[in-house]
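Everything on this sheet refers to the single structure shown next.
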Amino acid sequence: MFYEAFQSAINDVDGSIDPKEIKEAWIGSLKTGGAQLGNLAPLLIEQVGLAGMPACSIENACSSSAYAFRYAYMAIKSGICDITLAGGVEKMNDLPRERNRYWLGVSGDVEWERLAGTNFPGVYAMMALRYMHEHGMKRERLAEVAVKNHKNGARNPDAQFRSEISLERALRAPMLAYPLTVFDSCPITDGAAVAILCRGDLASKYTDTPIRVIGSGAASDYLAIHDRKDLTTVAAAQKAADEAYKQAGVKPKEVDLAEVHDCFTIAEIMAYENCGFAGKGKGGELIKNGETEIGGKIPVNAGGGLKSKGHPIGATGVSQIYEVVKQLKGEAREKTRQVKGAEIGLTHSVGGSGGSACVHIFRR
Amino acid sequence: MTSYVSIPQYSNTIDQRYRLIAKKCKSCEIINFPPRQTCLECGSADFQNVKLSGRGRIYTFTIIGRGGAPTEFDDLQNMTGEYAVAIIELEEGPKVVAQLTDCHSNPNEIKIGMEVKAVIRRLYEQERIIRYGYKFKPIADG
């Protein structure tokens, strides 16, 4: 899987690149279900034929490979490397169901939160219910996020679920953790993603349409949700986005599209607010008015999001970057999914219930 | 298969799980529960013990659907099916995550703002030791 993603990245370089030109790699993974895969990065790099290259595994829950990308970017900015690789991989479907339930949900507080009996849907469900309580948002808004992301995912050949769903179906689906149904949740996914980064002034050697990283923000927060003052926002994502915007020198309204971390539908609503696309408590209005659809004011998750494209935990951060880069280059594989004329794109990645977050902004 | 909290590690938290002993910050006086290395508000590491009343209100809640519980709670789900988990805002200030007990796991019967109090219940079993701790039950008639 990782080899396929790697080959696809190499082949995707408009000019040509010798893989040996890559100087160092950072690879995100939650270690595929505790499958005894310590020291994963050297194994993966060796399997793509680059044994000997420095390679480092990054584990930061669901934002692992967004952080891998950040470090690959920082290595170039520091002047140490000219070309780096950021990737991620997760294999979740060949684990027994029991093992998945054991393994997932340890990216928040274990001792006082999980071992009180909550799972991850439960944590986001409690955030959703509080959000609905404080801001008077209806459950329909959550279901509309699922419907939109399935609609986009249906047009993405790389998506796990390529079928549209109706609002009715999303609302009537079995409850996973009240008020969230199975359609409010991302699936269990196998996947890998690879990005190759290059020093800006050397990029013209490889492509005529370089996509530049113009902002990289990251932040952390209290791991346990009971230690956070406000459950209707992801404070780490807000900080990460603020920092990325500051570096990029752009405003939220200048962003043409965003891939955000919709592990649960409520997370996408909060992401609208944390990325500055909507005011606090106003995220629901954005989806209600269709502004985050392809063709809307700010298309979000044109690739289908975690909801429909899938959420292979360690690979998700870079897979969001892949989608944004493709969109900015005007190369979304199916034309109906292409956001026309997009020049600035944003990726928003959240680890666990918001313990870590990482936001990147890109410009064509 | 369960996430691992050793018996000594669990024993170290008996004061919290059975008796709700919290840490009051000597610098800013806010109450930290569960205990932390440094104060949530001001970062100080200087605390004194205080006992909480165990009374509070539901801040938010969820109902964990059948078959979805963390594996530690398989026994519980086999016995009760769905169960409710809430964040409780204690009257002294701190918030805790806990199961609701002695009530129906029905979203129409549980309300944000409802008054609850702590009781000791069986949480889960690990290494053949039953782990007890607090759950919260509604206080009848408010």
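First the proteins, then the strands, lettered A, B, ... as listed; each starts at 1. What you see below is based on every heavy atom in this structure, not just the backbone, and it leaves out hydrogens, waters and symmetry mates.
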Next on the checklist: Taking the basic N atoms (NZ, or NE/NH1/NH2) and the acidic carboxylate oxygens, is any pair closer than 4.0 Å for A:E268 and A:K307?
Outcome noted: no

Checklist entry - What pairs meet the salt bridge (Lys or Arg N to Asp or Glu O under 4.0 Å) rule with one or both residues in residues 168-182 of chain A, with sequence neighbours excluded? => result A:E168-A:R172

Checklist entry - Would you call the rings of A:F161 and A:H150 parallel, tilted or perpendicular if under 30° counts as parallel and over 60° as perpendicular? => result parallel

Checklist entry - Is it the side chain or the backbone of A:L129 that comes within 4.5 Å of chain B heavy atoms, both, or neither? => result both

Checklist entry - Taking only heavy atoms into account, what residues of residues 28-40 of chain B are found under 4.5 Å from chain A? => result B:P34, B:R36, B:L40

Checklist entry - OG/A:S353 to CG/A:D221 distance, rounded to the nearest 0.5 angstrom? => result 8.5 Å

Next on the checklist: At a 4.5 Å cut-off on heavy atoms, which part of B:E82 comes close to chain A: side chain, backbone, both, or neither?
Outcome noted: neither

Checklist outcome for this item: Okay, B:Y59 and chain A: the region with an atom under 4.5 Å from a heavy atom over there is both

Checklist entry - Does NZ in A:K280 sit with more than 12 non-hydrogen atoms of other residues, nucleotides or ligands closer than 6.0 Å? => result yes

Checklist entry - For the residue pair B:F136 and B:Y134, does the interplanar ring angle fall in the parallel (under 30°), tilted (30 to 60°) or perpendicular (over 60°) class? => result perpendicular

Item to check | Interface residue of largest heavy-atom contact number with chain B, from A:E113, A:M127, A:K229, under 4.5 Å | outcome: A:K229

Checklist entry - Could you give all pairs that pass the salt bridge (Lys or Arg N to Asp or Glu O under 4.0 Å) test and reach residues 121-136 of chain A, with sequence neighbours left out? => result A:R130-A:E134

Next on the checklist: Checking B:K135 against B:Q99 for the side chain to side chain donor-acceptor pair (under 3.5 Å) test, could you report, in this order, the C-alpha distance in whole Å, the side-chain angles of both residues, the deciding distance, and whether it holds?
Outcome noted: CA-CA 5 Å; B:K135 293 187 184 182; B:Q99 285 176 38; 3.0 Å; yes

Next on the checklist: Is the ring pair B:Y18/B:Y132 parallel, tilted or perpendicular, if the boundaries are 30 and 60 degrees?
Outcome noted: perpendicular

Checklist outcome for this item: When the 4.5 angstrom heavy-atom criterion is applied to B:F61 and chain A, the contacting part is both

Checklist outcome for this item: Heavy atoms of B:V5 and B:R131 approach each other most closely as O-NH1, 2.9 Å

Checklist entry - Could you walk me through whether A:S64 and A:E59 pass the side chain to side chain donor-acceptor pair (under 3.5 Å) check? => result CA-CA 5 Å; A:S64 295; A:E59 191 274 292; 4.5 Å; no

Item to check | Residues of residues 85-95 of chain B near chain A, each having a heavy atom less than 4.5 Å away | outcome: B:V85, B:A86, B:I87, B:K95

Next on the checklist: Less than 4.5 Å to any heavy atom of chain B: does that hold for the side chain of A:Y222, its backbone, both, or neither?
Outcome noted: side chain

Next on the checklist: For A:K282, is the NZ atom crowded, meaning more than 12 foreign heavy atoms sit under 6.0 Å from it?
Outcome noted: no

Next on the checklist: If we define contacts as heavy-atom pairs under 4.5 Å, which of B:G68, B:P70, B:G65 has the most with chain A?
Outcome noted: B:P70

Item to check | Chi angles and distances behind the side-chain contact (heavy atoms from CB on, under 4.5 Å) call for A:W112, B:T13 | outcome: CA-CA 10 Å; A:W112 302 99; B:T13 61; 3.7 Å; yes

